[in-house]
Amino acid sequence: SAQIEIGNVGKVYGTAGDGAVIALDGVSLTIARGEFVSLLGPSGCGKSTLLNILAGFQPATTGRILQDGHPITGPDPSRTVVFQDYALFGWMTVQKNVEFGLKAKGVGRAERAERARALIDTVRLTGFEDKYPHEISGGMKQRAAIARALAPDPDILLMDEPFGALDAQTRVLLQEEIARISSEAGKTVVFVTHGIEEAVFLADRVVVMSPRPGRIREEVLVPLPRP
Ligand code: ADP
Ligand code: ADP
């Protein structure tokens, strides 16, 4: 059954007529529980806008957006986001960054520490718990950010060009990791990218957006089994 229903969503930045930008124009999309969907398209086609609306960071101008039948009205721990620039807290260790997502859910200290350690193991960062973000590589920072996003046990993982800042070799490693983690955890994933190879490698379904004016061009089911 549908976990996310995006119905005829439009997004306009600014005021109509006065330099307004149409970022999304009548986008409709249904995403099933556990599905891995890539949003693919060139820079400026509205991918991040759609992801931010899904996250609840900003409202749609028109249309509706439902999660399990309920309107998305703001951020919620049932949906977490991994950003291109990691967005880790620089003053917190890897361990504390991962625990942060659990604090918000009211998980007690001992259980927080234990669950964070397990997640750090999942992303293969064991041994680096006490490092600060500036002490570790880009790939490791993104591993930590993925662990932090998984910490609240979200239903939906939203990823915005998560590997865009990494070198090619690290990117391939992280792609393999996210394929493994998402299938093990059975999360619904919406993955924004402008890389066609990455989109096809990871996703059950690739949603291709057209550059202007922010529409879906086509949806492609990926026929090959995932690694
Ligand atoms: P993508 O993620 O595919 O690169 P975006 O969603 O970031 O696309 O942008 C879609 C369009 O909306 C672009 O024309 C962009 O310049 C514009 N846009 C994005 N964010 C804003 C904003 N905060 N204010 C005004 N225009 C914006
Ligand atoms: P990835 O994190 O995707 O495995 P990286 O190129 O980021 O790839 O790192 C490769 C390995 O190099 C890491 O797993 C780690 O063992 C080591 N490494 C990188 N940066 C550091 C660092 N600042 N301190 C200690 N070890 C590091």
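On a predicted model such as this, the values are computed, not experimentally measured, just so you know. Remember, it's 1-based here, ligands and their atoms both numbered in the order they're listed.
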**OP:** Let me see the working for Glu111 and Glu114 under side chain to side chain contact (heavy atoms under 4.5 Å, CB included), right down to the final yes or no.
**Re:** CA-CA 5 Å; Glu111 195 188 336; Glu114 194 181 310; 5.5 Å; no
Subject >> Nearest non-hydrogen partners of Cys45 and Lys47, listed with the distance >> reply: SG-CG, 3.3 Å
**OP:** Compile the protein residues with any heavy atom at a distance under 4.0 Å from an atom of ligand 1; present them by chain, then by number.
**Re:** Tyr13, Val21, Ala23, Pro42, Ser43, Gly44, Cys45, Gly46, Lys47, Ser48, Thr49
Original post:
Side-chain heavy atoms under 4.5 angstrom apart, residues restricted to Ile, Leu, Val, Met, Phe, Trp, Tyr: same cluster for Phe83 and Leu88?
Top reply: no
Subject >> Shared hydrophobic cluster for Val37 and Met159 (ILVMFWY, side-chain gaps under 4.5 Å) >> reply: no
Subject >> Members sharing Val107's hydrophobic cluster (side chains within less than 4.5 Å) >> reply: Leu102
Original post:
Are the side chain of Arg33 and the backbone N or O of Gln3 linked by a donor-acceptor pair below 3.5 Å?
Top reply: no
